[in-house]
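The next block holds one structure in the form of C-alpha cells; read it before the comments.
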Amino acid sequence: MEILFEKSKKGKRAFKFPSIPEFDIKKYIPDGYIRKNSPELPEVSETEIARHFNALAESNYHVDRGFYPLGSCTMKYNPKLNEELSRNAGFTNIHPLQPEQTVQGALRLMKELELLLSEIAGMDAVSLQPAAGANGELAGMLIVRKYHTEKGNPRKVVLVPDSAHGTNPASVTLAGYVAKTVKSNEKGLISVEDLKKNLNEEVAAFMVTNPNTLGLFESEICEITDLVHETGGLVYLDGANLNALLGIIKPGEMGFDIVHFNLHKTFSTPHGGGGPGSGPVGVKGELEKYLPVPRIVENNGEYRLSYDFPHSIGKMHTFYGNFLVMVKAYAYILVMGKDGLRKVAEDAILNANYLRKKIGDMFENPYKDNPCMHEFVVSGENLKRKYGVRTLDIAKRLLDYGFHAPTVYFPLIVPEALMIEPTETESKETLDAFVETLKKIVEEAEKNPDLLHNAPHNTPVRRLDETRANRTPVLRWKKNMTR
Ligand SMILES: *Cc1c(COP(=O)(O)O)cnc(C)c1O
C-alpha cells in the first residue's frame, strides 16, 4: 500500500481557507520559532485523504473484525455502550486540576469503582492509579518493600513461578528485589516442594498468577499462601486472569494480600492498539496505608483527594490514572451485575474447554488430563517433528484465513507453545470455524509445508522480521525509500 506522501501531486488541495487579512506573525511568535521554509507535506485531495485512511483502517485486524484468541490478553468484545458513556461531555471535558467541588461526579465514580473492585477481589482497599497491569505489579512490589522496611528488614528475594508473565520478574527487579524462580510440576502447577525449598526469611513475597498462564487453576493455592505467610512473606496475585474467577471465588479468600486488576482485560475496555490501560491495585488490611496517593476520601457524601497518607509509596502515574478507562470498566460492571459477572467467568471457562476438546489431538497437550480455566496451552512439537512446520508458521497461516493468531512461544515452559483464549464473547459457530481452519492448516502442513513456511500470503504485509522491526524501526519517510 502506498503511503500518503507517495500519492502527493504538487498543487492538489483538500480544502482552501478564505483569504484572511494580512497580519504580522512576528508580533505574536518569537523569531526563533518561525519556520523559514514551508513544511514538506503531502498534497492530496480530500477524497484521497478519506480513502487513504479508510484503507489503513481496513488493513487493521481488531476484535470487531474477527476472532482474536490471543492467550493471556483477553481480547473480548468491548460493548459499545461503554464507549458511549465514557464520551459523555461531563467526563471528557473535565481537567484533573479542577477544584474538587466541581468534579464530585467523577470522584464518586472512582470511589464506587474502588469499592466494586474491592468486593470482587475480596480486598479491603483499592487504588485506581496504576496505568496497566505491569504498573500495578510495580506498585504492589513497592508496597511489599515498604511493608517489610517498616518492619525493620526489606528482605531480598521475590519468588516467581517459571510459568510467569515476563512483566513479573521485571517488576520485581525494578522494585529492587532479586527474582527467584519456583518450578512447575508435571501437572503444570506450582511445585509446593520446590516452593518449600526456596522459602526462607529473605523472601519478601511470592508473586502468583491464578489461574496460571497455562490456564490451570492452582488447586493448592491455600496451602501455598499459608506457607508463605508462615515465613512472614506476602502473597501477590497477578490478576490478569481474573476473568476466570469473577463471581466464583475471590482472591482474598485464597489468602492473597495484594492483587492487581487489568481493567482493559477483565473489565472489557479496548486495548492492544497502544491505547491506555488501567491496572488498579488492591490490598488487604494493614497494607492499605501504603497505597499510592492521592486517595479518594468521602465524608458525608462529599469527595476529596487526600495526600494525607504518610506511609504511602507515593505516586505511580500523573494525576489519578487513566480516568476514561475507569468509566468504561465501571459501566461494564454495573451493566453486568453480580450474576452477569459470574456468567462471564463461566462462559469463558466453557468456551475454552469446548475449544480444547475440539482441538483434541491435532497438537500435543501436556496438561490434557485436567480441565482448563479460561484459556489453555498446547504444543506444536508434533508438527515440527513430523513436517518441519513450526508454531510460528501455523500462527502466520491463520492470518490468511482471517483469524488473529493465538499467543505463541509463551509460557516459556512449553516448547512450540500455542496459548489460546477464546473469551466468553465468542459464539459456538466462531469456535467451530476456528477448529475447522486449524484442521485445514494441519492438513496443509502434511501436504505442502512450504505454504506454511511462507505464510501469510494474503495480508497487507508478508512475514516480517520482527526482531529488526523492533530493534531498528524505520519511522521516518524518505524520498525514494525502498521498503
Ligand atoms: C497482560 C498481562 C500482564 C501485564 O499487564 P499489562 O496491562 O499488559 O501491563 C501481566 N501478567 C499477565 C499474566 C498478563 O496476561
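Quick caveat, the model's predicted, so the values are computed rather than measured. Start at 1 and go down the list; that is how both ligands and their atoms are numbered.
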*Side-chain contact, heavy-atom cut-off 4.5 Å: Leu107 with Glu100?*
yes
*asked:* Taking atom NZ as the centre, does Lys343 end up with more than 12 heavy-atom neighbours from other residues, nucleotides or ligands that are less than 6.0 angstrom away?
replied: no
_Just verifying a value: how many Å separate Leu214 CG and Met419 CE, rounded to the nearest 0.5 Å?_
7.0 Å
_Using the ring centroid of each side chain, check whether Tyr68 and His62 are separated by less than 6.0 Å._
no
*Quick one: does Ala132 get an N or O within less than 3.5 Å of an N or O on ligand 1?*
no
*What part of His264, side chain from CB on, backbone N/CA/C/O, both or neither, has a heavy atom under 4.0 Å from ligand 1?*
side chain
*asked:* Is there a polar contact between ligand 1 and Lys265, counting only N or O atoms under 3.5 Å apart?
replied: yes
*When only distance counts, is Cys73 in polar contact with ligand 1, meaning an N/O pair under 3.5 Å?*
no
*Can you tell me which residue and heavy atom of the protein come closest to atom 15 (O) of ligand 1, and the distance to 0.1 Å?*
Ser72 OG, 2.6 Å
*asked:* For atom 9 (O) of ligand 1, what's the nearest protein heavy-atom neighbour? Residue, atom name and distance, please.
replied: Ala134 N, 2.8 Å
_Within the supplied structure, the quantity of interest is the number of heavy atoms (other residues, nucleotides, ligands) at a distance under 6.0 Å from Lys183 NZ; does it exceed 12?_
no
*To the nearest 0.1 Å, how far is atom 6 (P) of ligand 1 from its closest protein heavy atom, and which atom is that?*
Gly133 N, 3.4 Å
*Do we get Arg356 above Phe376's six-membered ring, with its NZ or CZ under 6.0 Å from the centre and within 45° of the axis?*
no
*Which of the atoms of ligand 1 are close to Asn262, meaning less than 4.0 Å from one of its heavy atoms?*
5 (O), 6 (P), 7 (O)
*Is the His271 ring parallel, tilted or perpendicular to the His264 ring (thresholds 30°, 60°)?*
perpendicular
*Report yes if Asn135 has an N/O atom closer than 3.5 Å to an N/O atom of ligand 1; otherwise report no.*
no
*Ala240 contact mode with ligand 1 (heavy-atom cut-off under 4.0 Å)*: side chain
_For ligand 1, which is the ligand I care about here, please tell me if His260 has any N or O atom under 3.5 Å from one of the ligand's N or O atoms._
no
*Is Asp238 in polar range of ligand 1, meaning some N or O pair under 3.5 Å apart?*
yes
*Does any donor atom in the side chain of Glu220 or Asn185 lie under 3.5 Å from an acceptor atom in the other side chain?*
no
